[in-house]
Amino acid sequence: MEENKLYKVSNNTSKPKYYVLDMFPYPSGAGLHVGHPLGYIASDIFARYKRLTGYNVLHPMGFDAFGLPAEQYAIQSGIHPAVSTDQNIKRYREQLDNIGFSFDWSREVKTSDPAYYKWTQWIFLQLFNHYYDVDANKALPIQQLILTFEKNGNAGVKAHSTYEQIFLAHEWHQMSSKEKDDVLMNYRLAYRKKGYVNWCEALGTVLANDEVKDGLSERGGHPVEKRAMIQWSLRITAYAERLLHDLDTLNWSDALKAMQRNWIGKSEGAQLFFDVVGYDRKIEIFTTRPDTIFGATYMVLAPEHDLVSQLTTQDQKETVNKYLDYVGSRTEIDRMVEVKEVTGVFTGAYAHNPFTNSNIPIWLGEYVLKDYGTGAIMAVPSDDERDHVFAKKFGLPIIDVVDKSQWPDATLHDKVGTMFNSDFLNGMQVEVAIKEMYDRIEQKGIGSKKINYKLRDANYSRQRYWGEPFPIAYDNDGVAHAMDVDNLPLTLPNLENFQPSSGGKSPLARAEQWVTQIDGLELETDTMPGFAGSSWYFLRYMDAGNQNEFASGEAINYWQDVDLYVGGTEHAVGHLLYSRCWHKFLFDLGYLPTLEPFKKLVNQGMIQGSSRLVWRVSEFIYNDLDLAKITTVLVSKKYSDLNTLGDNEILAKLYGIANYEKSKCSGMELTSLHVDVNMVDGIYLDIEVFRNWRPEYKNAKFLLEDNKYICGTQVEKMSKSLYNTVNPDDLVKNYGADCFRMYEMFLGPIEQSKPWDTKGIEGVQKFLRKFWSLYYNESGLNLSDELPITDELKILHLTIKKITEDIERFSFNTCVSAFMMCVNDLKRLDCNKKQILEPLCILLAPFAPFITEEIWADMGNSASVHKAIFPNFEPIYLVQDTIEYPVCINGKKRDTIEISAQMSHKEIEDLVMHLDQVKKYVNGKQILKVIVVTNRMVNVVIKE
RNA sequence: GCGGGUGUGGUGAAAUUGGUAGACACGCCAGACUUAGGAUCUGGUGCCGCGAGGCUUGGGGGUUCGAGUCCCUCCACCCGCACCA
């Protein structure tokens, strides 16, 4: 097939559009294993099906080509990331082509291509040049904000901002450019801030939260610590509410929506300020339970809280400092592992509880997090479990305020109970009390009702080489200047040394000429993170070659959004949230007509590896000699349990011990090890191949069962290190792409994880041969022009119905079995009629594009089968004269009966009552009723 | 702990609105053709039982003429988040 021409798709057509997208692959050096194409096959079938049913289908593919692995490889090997990445892409492309995907490669994109990242940089500049206006509820140009500042200062501005001071117009005018820049940074959607970041010494770089697993870097497993650095950030929090709200409009799985909702983490509560006794300072807290304030007997600040040093009294200084040292020494892992252990110290300071009018002590505690809420809490030990544990440990007072005796199992989050010990709240239900408190707090002027989000702004800087350079340059004052859009792309310099520069700076800092290329300014040396390029790639496919815009308005208006997105759950929060955010931002700017990028999302499950294990005797001490060190012996599964092995005599023979004496055997041990699944047929080890695998097995001896070596099996992650990866290339070579595609689908529902087992592929292979044999005999194509009989038409239309319905609901495994049944049935009738087999060929084309194309051509068609028209289901062929009813007695099937379709319920009842089986079971017992379900079944209910 | 998901033969699974549980395959067993079979074809195959028959969708309970499917409850495993104020 000439893929490029056949699958090239136009933006100019009267056909309705359909956009099928696969998740952007990162071209890793390991190539594809059988788990990767699962989603691609499903989406390809769907795309082909949509084409056959008259849609203009956009089904593109490209590569997320920037990333850390290529850079680490470059550090090791000296090979430039661009070179290794291109090699990997070439390999991926070959592997993908092998499987027969209908991608329009003329639209291929690569994030590391300057023609592509020019527009990634352009979008970044748009983010830099916009702020989020709360009144307009959208992004607006920063120029507009500057005009407002110049006229009125910032008092009337409602924007998503981290700037808290108020200034007047004349004060703005008096600011230096540096000061103005600093103020504006608090408003820009792409901005710089100093913050705690995940610093990884070993990688010499900062990692995103989702790149850190259990306190270690996801890649390499190096320790990660908190460090303060100035970083670019994206103000994704400005979009939190819209990202949450619009989830409801998406056709995504509940699980995935729940993950995003969790991540955004909206909670409603009160923002409250507590006065600190004796200081002109207030502590801001956030609480979802303002009703419990009469039980707030102390406060806790995060150890990293800004006010800690100011609040701590002289006599508590030493204790507090010791505690801060202790906290600093704790890694993320320590903190996570020892969740139950509470630690804390008293600062010596007191806050004033505005409702009880008492002074309550201010403590520090690890369990209060700097990054959540305000980093401070009012502690209510009577109703919060953690506060309770803390109070118990440090002997702080506990005052009960909520009577929950009516709700014995309720937790704090249930927000139920009746208030007491709480002055004006007494007797109120919790929900009412919360509302009352919002009013009281606002009346007192000490706070307000507030929405809090767990979502944090995204760190957008990486101290790496292999990413998009920032189109930003700094002047001597450190003011950030956006590069002129006309000068984009700002391309990466060619480096030879990819090690991080000193002080955790990007390797780019070493390229001095590059850094100083703009007169009087210095370029930013950090690069953008992996999600930059992947947050908008689906838009570029709409108009991939465009040199003047990221995509033309016409192209965007035609394609609108992605109708179907297929990919794994690993991107559930990262990529899918960032993409949605960028999409909304570009919508705000008027570039996009849709609010959301991905209408429907299907998450494919993982294909797990089915590992094969062998058992090696790792110790066999006989006569104080470890014979296992001299001779390698492997035992088959039956003997893998030492107990089963029992008496070691049977082993002793293998070691050449003539007269085995049990007492001389003083030690025996077995070790299981993974062997390459490719040298095992099912569960039988190919001993010869195994011997040649490694030199130490060359002369190994085997303890067999039934003359065979049977391996153990284990389902686990598919991974090179477990020797359980299966390369699709091998399967395509042995069975053909059609067979491989259909078998992947046949394994089970697309969303479900399941282990790979190559053995089963033969069932699909047999099917394809049988399918072929309907069309051909020994001498070639052998089709008849005879009119089909009723049964043949019924088989065909049943299949058309089933396939159409199942493709629409992404049930591809049942499609494959429907095809198998269809071919089995037609074969039974020896059907070779063109009127049946021609539509069947089209029906199968999305699944098996090669064999159907070949048959189609042999049938004399000059155009491709992939441009044919999908057969239409005609219900008339399924109308039946008679229907086979199962006859049940009290719900258990006892007989079947063939009944004319026109027969009335009464007639059916009479007929059924005369059945021998029915008479036998009734046998004089009382018949309570007879239920006839049309076209389904008959149930006779008798009194037992 | 919270949120989401899954649990059906030896294995992968099917059963779309409550209506014949185990379709379609793998594996296994038997047979045919073959010098041979890890090729091909045919038949059998949930479990217990010689049989009649009984049992069976993670366990227990409920609704119903009828439950894999609906409700309650418990258990196991997987995924995500995790001291979230």
Side-chain angles (χ1 to χ4, degrees), chain A residues 253-263 265-267 269-270 285-289 292 300 302 335-336 338-342 365-369 371-380 383-387 389-390 411-413 452-454 569-570 572-573 603 605-606 608 610 681-684 713 743 746-749 751-764 766-767 769 802 805-806 808-809 811 813-822 824 884-896 928-942:
Chain A
S253 73
D254 289 340
L256 211 96
K257 286 193 202 176
M259 274 189 234
Q260 292 222 337
R261 268 189 211 107
N262 255 321
W263 194 261
K266 179 180 182 176
S267 57
I285 62 133
F286 174 78
T287 177
T288 57
R289 293 296 304 270
T292 61
V300 187
R335 280 209 188 186
M336 273 194 285
E338 296 159 32
V339 165
K340 294 281 167 271
E341 180 90 7
V342 271
E366 258 188 305
Y367 79 101
V368 175
L369 306 176
D371 291 321
Y372 187 75
T374 61
I377 60 158
M378 64 171 205
V380 184
D383 276 86
D384 184 286
E385 206 185 313
R386 296 152 304 162
D387 295 346
V389 174
F390 195 86
T411 66
L412 183 74
H413 303 283
N452 189 51
Y453 299 93
K454 201 159 75 176
T569 35
E570 67 271 21
V573 278
N603 284 119
M606 278 217 304
Q608 294 147 311
S610 180
D681 179 32
I683 51 170
Y684 304 112
T713 61
Y743 183 55
F746 189 57
L747 283 176
E751 309 88 349
Q752 215 164 288
S753 288
K754 55 242 159 184
W756 178 265
D757 174 21
T758 300
K759 203 80 191 155
I761 199 169
E762 283 165 23
V764 176
K766 279 182 204 163
F767 156 77
R769 273 192 209 141
K802 177 82 178 148
E805 287 171 358
D806 285 3
E808 293 282 357
R809 66 185 180 105
S811 177
N813 54 326
T814 52
C815 284
V816 178
S817 43
F819 278 122
M820 286 174 169
M821 280 190 270
C822 171
N824 287 345
E884 196 183 60
Y885 277 79
V887 179
C888 302
I889 313 290
N890 287 349
K892 290 232 183 275
K893 185 192 151 198
R894 298 298 177 187
D895 205 352
T896 53
L928 296 174
K929 61 171 130 175
V930 179
I931 291 154
V932 179
V933 185
T934 310
N935 291 341
R936 283 289 183 183
M937 50 94 69
V938 183
N939 192 15
V940 181
V941 185
I942 58 172

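Lettering of chains follows the sequences in order, A, B, ..., and the numbering in each one begins at 1. Heavy-atom basis, side chains included; hydrogens, waters and symmetry copies ignored.
Distances shorter than 4.0 Å separate none of the side-chain N or O atoms of A:R261 from OP1 or OP2 on B:G4. A close approach under 4.0 Å does not occur between any side-chain nitrogen or oxygen of A:N262 and OP1 or OP2 of B:C84.
Here, B:G68 and B:G60 have their P atoms 13 Å apart, quoted to the whole Å. Look at the P atom in both B:U56 and B:A67: the space between them is 11 Å, to the nearest Å. The same atom, C1', is picked in B:A13 and in B:U8; the two are 9 Å apart, to the nearest Å. Across B:G22 and B:C72, the matching P atoms stand 29 Å from one another, rounded to whole Å.
Taking atom CD1 of A:I889 as the reference point, atom C1' of B:U20 lies 13 Å away to the nearest angstrom. Rounded to whole Å, atom P of B:C77 lies 16 Å from atom CD of A:Q608. One interatomic measurement links the two molecules: CE of A:M821 to P of B:A23, which rounds to 10 Å at whole-angstrom precision. Atom CD of A:E570 is separated from atom P of B:G80 by 10 Å (rounded to the nearest Å). One can place CZ of A:F746 at 7 Å from P of B:A25, the figure rounded to the nearest angstrom. If you take CD of A:E751 and C1' of B:G80, they are 17 Å apart, rounded to a whole angstrom. The CG atom of A:D254 sits 18 Å away from the P atom of B:G80 (whole-angstrom rounding). When rounded to the nearest whole Å, the span between CG of A:L747 and P of B:G12 equals 11 Å.
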- Note on the structure: Here RNA chain B, pairs taken as Watson-Crick or G-U under 3.5 Å and shown with ( ), [ ] when crossing and | when to another strand, reads (((((((..(((......[....)))((((((.......))))))(((....)))..(((((..]....))))))))))))....
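Sequence order on RNA chain B of the closest nucleotides to A:Y743 and A:K893 puts A:K893 first from the 5' end. In this structure, A:K929 and A:K754 both approach RNA chain B, and ranking their closest nucleotides by distance from the 5' end singles out A:K754.
Here B:G9 is in the syn range [glycosidic angle within 90° of 0].
By the 4.5 Å heavy-atom criterion applied to side chains, A:Y372 and A:N452 are counted as neighbours. In this structure, A:S610 and A:D757 have side chains that are not in contact, with every pair of non-hydrogen atoms separated by 4.5 Å or more.
Using a 4.0 Å heavy-atom cutoff across all strands shown, A:K454 reaches at least one base atom of the nucleic acid. Counting any heavy atom pair closer than 4.0 Å across all strands shown, A:K766 reaches sugar-phosphate atoms only and no base atom. Counting any heavy atom pair closer than 4.0 Å across all strands shown, A:N452 reaches no nucleic acid atom.
Panel note: side chain A:N890, backbone A:I942; a donor-acceptor pair is recorded below 3.5 Å. Between the side chain of A:K454 and the main chain of A:S267, no donor-acceptor pair closer than 3.5 Å is present. At distances below 3.5 Å, at least one donor-acceptor pair connects side-chain atoms of A:S753 with backbone N or O atoms of A:M606.
Distance CD1/A:I377 to OH/A:Y367: 3.5 Å, rounded to 0.5 Å. One distance of note links CD1 of A:I761 with NZ of A:K766; it measures 13.0 Å at 0.5 Å rounding.
Sorted by first and then second residue, the side chain to side chain donor-acceptor pair (under 3.5 Å) pairs with a member in residues 928-937 of chain A read A:H905-A:T934; sequence neighbours excluded.
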- Task: Take nucleotides 14-19 of chain B nucleotide by nucleotide from the 5' end and write B, S or -, depending on whether a protein heavy atom sits under 4.0 Å from the base, only from the sugar-phosphate, or from neither.
- Result: SSB--B
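A:Y743 and A:W756 have perpendicular rings, their planes meeting at more than 60° on a 0 to 90° scale where under 30° would count as parallel.
Smallest separation of non-hydrogen atoms from A:V389 and A:V342: CG1-CG2, 3.6 Å.
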